[in-house]
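None of the values given here were measured: they were computed from a predicted structure.
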Amino acid sequence: MAGNSQRRNRRTSNKKGATVGSGGQRRRGLEGKGPTPKAEDRKKHKKNRIATAKARQAATRRPAPRRGGPKGTSEMVVGRNPVFEALRDGVPATTLYVQQYIDNDERVRDALQLAGERGNINLMEAPRAELDRMTNGLNHQGLVLQVPPYEYAHPQELLEAAYDNHDEPLIVALDGVTDPRNLGAIVRSTSAFGGHGVVVPERRAAGMTAGAWKSSAGTAARTPVSRVTNLTRALEDYKKAGVTVVGLAADGEHTVEQLEALAGPVVIVIGSEGKGLGRLVGETCDYRVRISMPGGAESLNAGVAAGIVLYEAARRRKG
């Protein structure tokens, strides 16, 4: 009898189910925990990072007026082919000066037609002596196009543009890039890969000239360029705003494809092809990265290098 009782107890103890005194814990475990928080309220979510950064920006927003980092200077494009190409490529212009009694060849006619189609360019006739004076004796061939000063953005505006679009900032800063064509190509790549603008220093660097505008293939009209008096200080301000500063260097400790920081808010700093990053700028960077080059080239053109890093950043953000 005792043996039968023990066997019954063992069978009973092996049965599945709630134990005595559970107090309905299983029932409570099945109850919902409320609605899922919004993406903006979930830590580590991209939208939460953007909302936090945007709130920080709003708290430290500088008073208006904001536009007008240092303004560029007025520029003259001279010569029949350069004037025609500038008008064809959409370079901003205020006035087209035409020499009196000019030999009216095909290039002159095409330039006049393009200026007329724009509708906002003044056509002025001037004697040759006046055009010689305006151009300091350059060979203008009877055509001079006046390009207005470029209106640079404030560096903080690039952050605001990103946050207003619910994006994490993707900005390119240039250190010692002196060729306007490189600047224009970098503006073009920044636009193509969803960047929010380009920062250039005032001294020893290319500005937004007619040549840079032409190389940008029109993207300069929608991709802002900021000009700063001190690039290191501008980068420090970006870091205080929660943006990672990544410098491109041939001897960088990381490779571009390894750097996960490119997926978040980032400023990519490109140095000159010959000298690379300046010492202070390099020391300001959070990371220094290199581009793997199996072919063994020593360096890349600044415009090409910027395009490669921007592509990698865009790829990571899409993923």
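Taking a 4.5 Å side-chain heavy-atom cut-off between Ile, Leu, Val, Met, Phe, Trp and Tyr, the cluster of M76 extends to V78, Y97, M124, L131, M134, L138, V144.
Between D105 and R107 there is no salt bridge, since no side-chain N of the basic residue sits under 4.0 Å from a carboxylate O of the acidic one. Looking at E312 and R316, a side-chain N of the basic residue comes within less than 4.0 Å of a carboxylate O on the acidic one, giving a salt bridge. Residues E202 and R227 are not paired through a salt bridge, judged by the lack of any N-O separation under 4.0 Å between the basic side chain and the carboxylate. One finds no salt bridge joining E236 and R233 here, because no Lys/Arg side-chain nitrogen approaches an Asp/Glu carboxylate oxygen to under 4.0 Å. Between K275 and D175 there is no salt bridge, since no side-chain nitrogen of the basic residue lies less than 4.0 Å from a carboxylate oxygen of the acidic one. Checked for salt-bridge contact, K239 and D286 meet the test: a charged N lies under 4.0 Å from a carboxylate O.
With sequence neighbours left out, Q141 forms a side chain to side chain contact (heavy atoms under 4.5 Å, CB included) with R80, N139. With sequence neighbours left out, R128 forms a side chain to side chain contact (heavy atoms under 4.5 Å, CB included) with Q99, D132, H140. Among residues two or more places apart in sequence or in another chain, the side chain to side chain donor-acceptor pair (under 3.5 Å) test is passed with N104 by none. Remark: E260 engages no residue in a side chain to side chain donor-acceptor pair (under 3.5 Å) (not counting sequence neighbours).
Formation of a donor-acceptor pair under 3.5 Å by the T219 side chain with backbone atoms of S216 is found in this model. In this structure, R290 contributes its side chain and G252 its backbone to a donor-acceptor pair below 3.5 Å. Looking only at distances, a side-chain donor or acceptor of W213 sits under 3.5 Å from a matching main-chain atom of G90. A donor-acceptor distance shorter than 3.5 angstrom exists from the side chain of Y152 to the backbone of M208, with no hydrogens or angles considered. In this structure, E75 contributes its side chain and Q146 its backbone to no donor-acceptor pair below 3.5 Å. Here the side chain of D167 pairs no donor or acceptor atom with the backbone of A162 at under 3.5 angstrom. Of the possible polar contacts, none joining the D89 side chain to the V91 backbone as a donor-acceptor pair under 3.5 Å is found. At distances below 3.5 Å, not a single donor-acceptor pair connects side-chain atoms of S191 with backbone N or O atoms of V187.
Contact of the V200 side chain with the L231 side chain is not registered, since no non-hydrogen atoms from C-beta on lie closer than 4.5 Å. Considering only heavy atoms from C-beta on, I171 stays 4.5 Å or farther from V198 through its side chain. The shortest distance between side-chain heavy atoms of L235 and V269 falls below 4.5 Å.
When each of V77, L112, L143, L145 is checked for a side chain to side chain contact (heavy atoms under 4.5 Å, CB included) with L87, only L145 meets the rule.
Applying the ring pair (Phe, Tyr, Trp, His ring centres under 6.0 Å) rule to pairs touching residues 229-274 yields H254-Y287, sequence neighbours excluded.
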Exercise. Begin with the C-alpha distance, continue with both residues' side-chain angles, and end with the deciding distance and a verdict on side-chain contact (heavy atoms from CB on, under 4.5 Å) for T255 and V289.
Key: CA-CA 5 Å; T255 61; V289 301; over 6 Å; no
Practice problem: Go through R109 and E106 one step at a time and tell me if the salt bridge (charged side-chain N to carboxylate O under 4.0 Å, His left out) criterion holds. | Solution: CA-CA 5 Å; R109 290 193 296 271; E106 183 179 358; 5.5 Å; no
Quiz item: Could you go step by step and tell me if R317 and E168 meet the salt bridge (charged side-chain N to carboxylate O under 4.0 Å, His left out) rule?
Solution: CA-CA 9 Å; R317 288 157 184 258; E168 291 188 308; 5.3 Å; no
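In this structure, L248 CG and L277 CG are separated by 7.0 Å, a value rounded to the nearest 0.5 Å.
For the residue pair E117/Q113, the side-chain donor-acceptor check at 3.5 Å is satisfied. Between the side chains of S292 and E257, a donor-acceptor pair is found at a separation under 3.5 Å.
Neither V245 nor L280 shares a network with the other; the hydrophobic side chains, linked directly or stepwise wherever heavy atoms of I, L, V, M, F, W or Y lie under 4.5 Å apart, form separate groups for each.
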